[in-house]
Protein chains: 2
Amino acid sequence: MHSVWADNADDQEREPRAGQAPRGDGIRRRATIHDVAQLAGVSRQTVSRAVNDKGEIDPATKERVLEVARLLDYRPSRFARGLVRKGAVTAGLVLPDLMNPFFPEVAAGVLEAAEERGWQVVVWDSRTDENRELQALDKFSHQADAVVGYFKNPDDVLAQHLGGVPTVVLERGPHQTRFGAVGIDAAAGVAQGIAHLVRAGHRRIGMLDGDRIDAPGPRREAFLAAVRQHGLPVDSSWVAPSPEHSVAGGEAAMAQLLDARPELTAVFGFNDLIAVGAMRTARRRGLRVPDDLAVLGFDGLALGELVEPALTTLHIDKRRLGRLAVEQVARLSTGQEPLTGAEAWVIPQLVVRASA
Amino acid sequence: MHSVWADNADDQEREPRAGQAPRGDGIRRRATIHDVAQLAGVSRQTVSRAVNDKGEIDPATKERVLEVARLLDYRPSRFARGLVRKGAVTAGLVLPDLMNPFFPEVAAGVLEAAEERGWQVVVWDSRTDENRELQALDKFSHQADAVVGYFKNPDDVLAQHLGGVPTVVLERGPHQTRFGAVGIDAAAGVAQGIAHLVRAGHRRIGMLDGDRIDAPGPRREAFLAAVRQHGLPVDSSWVAPSPEHSVAGGEAAMAQLLDARPELTAVFGFNDLIAVGAMRTARRRGLRVPDDLAVLGFDGLALGELVEPALTTLHIDKRRLGRLAVEQVARLSTGQEPLTGAEAWVIPQLVVRASA
DNA sequence: TTGTAGGCGTTATCAC
DNA sequence: GTGATAACGCCTACAA
């Protein structure tokens, strides 16, 4: 059984060879307040005063002490300090893909909110890999006071590696997880999007889904619900998987979907990157966008305004998503109940541009 | 005078009200190993053994202790642990703009390299603000063992807030800084780019520069040197400033440059975002790219392949940049001299696409 | 102005 | 197997 507290790390690598001089290459033990005190011929307390700009100290001794400190390249140990002055909070942030512009923007929101609270944020890129997610948690369960992030692993696995650290998972409904959650109201968003396409006369609408074909996520479910509600001649055979959440992934998925459903007149992309990929494949095949094929994205990346034609998309306030996550986890870490109302839920907004 | 060691922070906010019960809302003192020991009726040492999966312990007591630990929501203090087990390294990463895809990719490189070393990385977005840079350093000088980042502040100001933490600055030549440095060989890159434009017949080439007009950086200097070398009828009046390093900034700057130098047949953008902005303004004014106006970028963002026409650019291995920075700062923190050769220098590669 | 004593929470060491 | 004892490096309180 895996103990959630155990530090199964391969830390400790600093050899204790104590070079007395601060210079010299090779690993040397860092100078402590004691070393400084000794060399300066004062008590540790005096060093502390000098180093911390406390008042009660003779300017002369202060200067002397500071001089020695500099000489020894002394820096207070953050561990010792943290032990005695409370209040330094570290949050861990797990992101699946730094190369998708969506996540840096979420991160920006997280950083903002964390900064306001005086927290620092440690970032980990899981590369959408379950094992790497757990590695992150193994670290964070020891090194962080709170965790926020995107996870593929199921709750129980996460919990096992979390060791009780307050956690908020992103884009998993509050009812779908036992952790704090901040989600996107995919249903509301997708409904808007499909309604827009239908309004424009489309009936044969496909989807490029980022979720595994055997594990439909909220976006696909919302899509299927929407097309059904509008009575469209569309079923799950109109959904092609795009395991790679990237432009290239979208290109490939679109090719596949077009082969399966040539009668398509519109596609909904799991995210903007995939949607852009879809546009590219469509155009490469000689289809005009939006005339022959309308394309709808999901995310609202800045990128969408730069491609041609500009991408119609369901815009998400990514920064807010990040901020909310921090607020949630802050609640958790003070023992409050997580929010589950509108404060934990961001609703996509349809942004109509040229592609649909 | 600002003491580099002083913790001029407004930390400490945790009120010491010790709720004995683990549950209950409101701030409660976190349970310590002592609390667990007491409630479980064993010594702290035994708790430590249980929690750390050490061998020498009776399975029964272990289970009991773990149970209590769970009950009390006990998590070992990372500070106390860090004090006694050495080896947990934290690096601070200062980025100027998370919204520019360039930097997340640099960050990805930093994270990779840091992970390989078992380091964790705390990220700070300075938003290209000198004051925020210093805020970051004030934090990192206490909380980090190494710092890597982009800075506008001059060396001496940085040093003042760094308190001796090993530091590597990005994109500042080794001879331009007293810190460790990892740079881009702008001269080599720009030379390739301008040569390409000249080869295509361009002689009236402008530049959209991201640096302040009164503080030319390496890219502008390289540009000016290159056009001079090719004997082009171009001087610094062909350089328009684009203080915003964004698409919008590039659009505005391009408008300005086009007004000043309508005879332009090609532009070099400080970065890809600016270059894309330039393309947009050009096309909005009815100019065809590249026929009427060729556009050359600098960065090699993925984005450049998606715009129309695709952007010709000087591609930088951003991930490598990040990795090198970590390697450099790792050297510094073990007392070695920083690298200054090719290992600390990334050379842009011309990628020819449709825009030039 | 300066020094001494004690404790922050954890683990290593060495007894029992 | 389990428990004292002594660090780890720093800071707060109090004494000199």
Side-chain angles (χ1 to χ4, degrees), chain A residues 3 5-9 11-12 14 16 18 29-65 69 72-88 141-143 145 163, chain B residues 5-7 9 11-12 14 16 18 29-66 69 72-88 142-143 145 163:
Chain A
S3 168
W5 289 285
D7 197 342
N8 44 324
D11 294 354
Q12 16 228 15
R14 187 160 301 172
R29 184 178 66 78
R30 252 181 52 183
T32 74
I33 198 173
H34 184 84
D35 303 329
V36 178
Q38 199 165 306
L39 195 78
V42 298
S43 76
R44 293 172 306 183
Q45 188 43 233
T46 301
V47 175
S48 176
R49 280 192 272 257
V51 154
N52 291 316
D53 259 350
K54 297 282 181 188
E56 320 142 322
I57 184 176
D58 184 87
T61 41
K62 174 171 175 178
E63 193 42 58
R64 186 159 45 89
V65 168
L72 258 34
D73 188 30
Y74 167 68
R75 269 168 289 143
S77 149
R78 72 165 170 285
F79 295 116
R81 259 195 180 163
L83 203 53
V84 83
R85 338 216 271 219
K86 311 297 184 184
S141 59
H142 306 303
Q143 311 272 12
D145 306 295
Chain B
W5 289 285
D7 197 342
D11 294 355
Q12 16 226 13
R14 187 160 302 173
R29 186 178 64 79
R30 252 180 53 183
T32 74
I33 198 173
H34 185 84
D35 303 328
V36 179
Q38 200 165 307
L39 195 78
V42 298
S43 76
R44 293 171 306 184
Q45 189 44 231
T46 301
V47 176
S48 176
R49 281 191 272 257
V51 154
N52 291 315
D53 260 349
K54 296 282 180 188
E56 320 143 320
I57 185 177
D58 184 85
T61 41
K62 174 171 175 179
E63 194 39 60
R64 186 160 45 88
V65 168
L66 253 28
L72 258 34
D73 188 30
Y74 165 69
R75 270 168 288 142
S77 149
R78 71 164 169 286
F79 295 115
R81 258 194 182 164
L83 202 53
V84 80
R85 338 217 270 220
K86 311 297 184 184
H142 306 302
Q143 312 271 14
D145 306 296

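As a basis for the values below, the full set of heavy atoms in this structure was taken, side chains included, without hydrogen atoms, waters or symmetry mates. Letters A, B, ... are given to chains in the order of the sequence lines, protein chains preceding strands, and every chain is numbered from 1.
Taking only side-chain nitrogens and oxygens, B/Lys86 comes nearer than 4.0 Å to OP1 or OP2 of D/dG9. Contact check, B/Ser43 against D/dG3: a side-chain N or O comes under 4.0 Å of OP1 or OP2. In terms of phosphate contacts, A/Arg85 brings no side-chain nitrogen or oxygen within less than 4.0 Å of OP1 or OP2 of D/dC10. Contact annotation: A/Thr61 does not reach the phosphate of C/dT1 (side-chain N/O to OP1 or OP2, under 4.0 Å).
Summarising the geometry, atom CG belonging to A/Leu72 is positioned 12.0 Å from atom CD1 belonging to A/Ile33; distances are rounded to the nearest 0.5 Å. Taken from NZ in A/Lys86 to CZ in B/Phe79, the straight-line distance is 8.0 Å, to the nearest 0.5 Å. B/Arg81 contributes atom CZ, which lies 9.0 Å from atom CD of A/Gln143 (distance to the nearest 0.5 angstrom).
Rounded to whole Å, atom P of C/dG9 lies 13 Å from atom CD of B/Gln38. In this structure, NZ of B/Lys54 is placed 16 Å from C1' of D/dG3, rounded to the nearest angstrom. Straight-line distance from the CG atom of B/Asp53 to the C1' atom of C/dT11: 15 Å, rounded to whole Å. Look at CZ on A/Arg78: it is 12 Å from P on D/dC10, rounded to the nearest Å. Between the CD atom of B/Glu56 and the P atom of C/dT11 there is a distance of 14 Å, rounded to whole Å. For the pair A/Arg75 CZ and D/dC8 P, the computed distance is 19 Å after rounding to whole Å. If you measure from atom CG of A/Leu83 to atom P of C/dT10, you get 9 Å, rounded to the nearest angstrom. For the pair A/Arg30 CZ and D/dC8 P, the computed distance is 15 Å after rounding to whole Å.
Set against D/dA7, D/dG9, C/dT2, the side chain of B/Val84 has D/dA7 as its closest nucleotide. If you check D/dT2, C/dG3, C/dT10 against the side chain of A/Thr46, the one that comes closest is C/dG3. Of the candidates C/dC8, C/dG3, C/dG9, C/dG3 carries the atom nearest the A/Val42 side chain, counting heavy atoms from C-beta on.
Donor-acceptor pairing under 3.5 Å, judged by distance alone, is present between the side chain of B/Arg49 and the base of D/dG3. If you check distances only, the side chain of A/Gln45 does reach the base of D/dT12 with a donor-acceptor pair under 3.5 Å.
Of the charged side-chain nitrogens involved, none lies within less than 4.0 Å of a carboxylate oxygen, so that B/Arg30 and B/Asp73 do not count as a salt-bridged pair. A salt bridge is defined here as a Lys NZ or Arg NE, NH1 or NH2 lying under 4.0 Å from an Asp or Glu carboxylate O, and B/Asp145 with A/Arg78 meets this definition.
Between A/Arg44 and A/Asp58, the residue whose closest nucleotide on DNA chain C is further toward the 5' end is A/Asp58. Of the two residues contacting DNA chain C, namely A/Gly41 and B/Ser48, the nearest-nucleotide position lying further toward the 5' end is that of A/Gly41.
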